[in-house]
Amino acid sequence: MENKVLMVVAGEEITEKDLNDFMENVPQEQQAYRSNPQFRQQCLEQLTALRMFTKQGEEQKLDETEEFKKIMEGARKDILAQMMVSETIKGITVTDEEAESYFHANKRQFVKGETVKAKHILVDTEEKCAAIQKDIENGSVTFEEAAKEFSTCPSAQRGGDLGEFGKGQMVPEFEKAAFQAQIGMIVGPVKTSFGYHLIKVEGKSEASETAYADVSSTIKANLLHQKQNDAYNAKVKELKEKYVQK
């Protein structure tokens, strides 16, 4: 129950609701622990300490000092400004029609380029690379086993697996060899600034258009952000004309 009294500090009750409100402001990475009894107790202790310091500050009449009044006036202005910004962008929405219209007018933005799924082995010399390739081709070792044993790339732990990647994500020499390679074939040695590579392509995907349903939420979020920015900037321009002396 939110009205349950958890603590009384100088005659002032701290309720379950007070604690829940206080916990709304804990760091995002700690939000998952909100239901943990031990964490809630820690937060209650922090809230209790704050209330005690508040009470002591009142008794010492710190709220009557010029410093307090200056801080409060600054806070008042900040809160009013934040509330006015919220009022400015309140009610702004993006319709399905607007989002879909943007999608069709900007389809080039939503084309997924061709990709390659590949594994590789990276070593420091061309001779070592060629020797490993020979062992793989004669069946002495699999590509994945060789990657785990010889490759100096962190992907070695995954048998050399680099996953799926598109153009522009790898160094030019590696990218060219990977995209030109036939599926299942091992190509190399391929020299790059990192060393010498053996590349095994396991799959390819052609460029394709992204479906509207897959990007609709992203489009709406971006359009909403743009609309809010436009409304904010328009309000700033209006207020400059009204309040800024020329």
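Note that the coordinates shown come from a computational prediction; the quantities given were computed from them, not determined experimentally. Numbers here simply count residues along the sequence, with the first being 1. Below, each value reflects all heavy atoms present in this structure, side chains not excepted, and no hydrogens, waters or symmetry copies.
- There is no side-chain donor-acceptor pair under 3.5 Å between Asp78 and Gln82.
- Under the 4.0 Å criterion applied to side-chain N and carboxylate O atoms, Glu144 and Lys200 are assigned as salt-bridge partners.
- The side-chain heavy atoms of Lys55 and Glu12, taken from C-beta on, include no pair separated by under 4.5 Å.
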| said: Is there a side-chain contact (heavy atoms from CB on, under 4.5 Å) between Glu67 and Lys70? Walk through the geometry before answering. | reply: CA-CA 5 Å; Glu67 182 182 3; Lys70 183 179 178 180; 5.7 Å; no
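- Using a 4.5 Å heavy-atom threshold, the side chains of Asn233 and Lys237 count as separate.
- At least one donor-acceptor pair under 3.5 Å links the side chain of Glu98 to the backbone N or O of Thr95.
- Two residues are said to be in side-chain contact when any heavy atoms from C-beta on lie closer than 4.5 Å; Ser151 and Val123 fail this criterion.
- The environment of CD in Glu206 is sparse: at most 12 heavy-atom neighbours from other residues, nucleotides or ligands sit within 6.0 Å.
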| Yes or no on side-chain contact (heavy atoms from CB on, under 4.5 Å) for Gln109 and Asn106, after CA distance, side-chain angles and deciding distance? | CA-CA 6 Å; Gln109 293 183 21; Asn106 298 273; 3.5 Å; yes
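- In this structure, Gln157 and Lys148 have side chains that are not in contact, with every pair of non-hydrogen atoms separated by 4.5 Å or more.
- Looking at Ile14 and Leu44, their side chains come closer than 4.5 Å, going by heavy atoms from C-beta outward.
- Between Phe174 and His197, the two ring planes are perpendicular [angle over 60°; tilted spans 30° to 60°].
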| Run the side-chain contact (heavy atoms from CB on, under 4.5 Å) check on Lys119 and Leu162 step by step: do they pass? | CA-CA 5 Å; Lys119 296 178 179 178; Leu162 294 171; over 6 Å; no
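- Look at Glu137 and Lys134 and you find no salt bridge, because none of the NZ, NE, NH1 or NH2 atoms lies under 4.0 Å from a carboxylate O.
- Atom OH of Tyr33 sits in a sparse spot, with 12 or fewer heavy atoms from other residues, nucleotides or ligands closer than 6.0 Å.
- Counting only heavy atoms from C-beta outward, the side chains of Glu175 and Val171 never approach each other to under 4.5 Å.
- Closest approach of Ala178 to Val116, counting heavy atoms only: O-CG2, 4.1 Å.
- Taking a cutoff of 4.0 Å between a charged side-chain nitrogen and a carboxylate oxygen, Lys191 and Glu173 do not qualify as a salt bridge.
- With sequence neighbours excluded, no residue forms a salt bridge (Lys or Arg N to Asp or Glu O under 4.0 Å) with Lys112.
- Other residues, nucleotides and ligands contribute over 12 non-hydrogen atoms within 6.0 Å of the CZ atom of Phe179.
- Residue pairs that meet the ring pair (Phe, Tyr, Trp, His ring centres under 6.0 Å) test with at least one member in residues 48-107, sequence neighbours left out, are Phe103-Phe110, Phe103-Tyr212.
- We find that Lys220 and Glu100 are not joined by a salt bridge, their nearest charged nitrogen and carboxylate oxygen being 4.0 Å or further apart.
- Residues Lys204 and Lys117 are not in side-chain contact: their nearest non-hydrogen atoms beyond the backbone lie 4.5 Å or more apart.
- Using a 4.5 Å heavy-atom cutoff, the side chains of Met185 and Val201 are not in contact.
- Looking at every heavy atom in both residues, Gln31 comes nearest to Glu24 through NE2-O, 3.4 Å.
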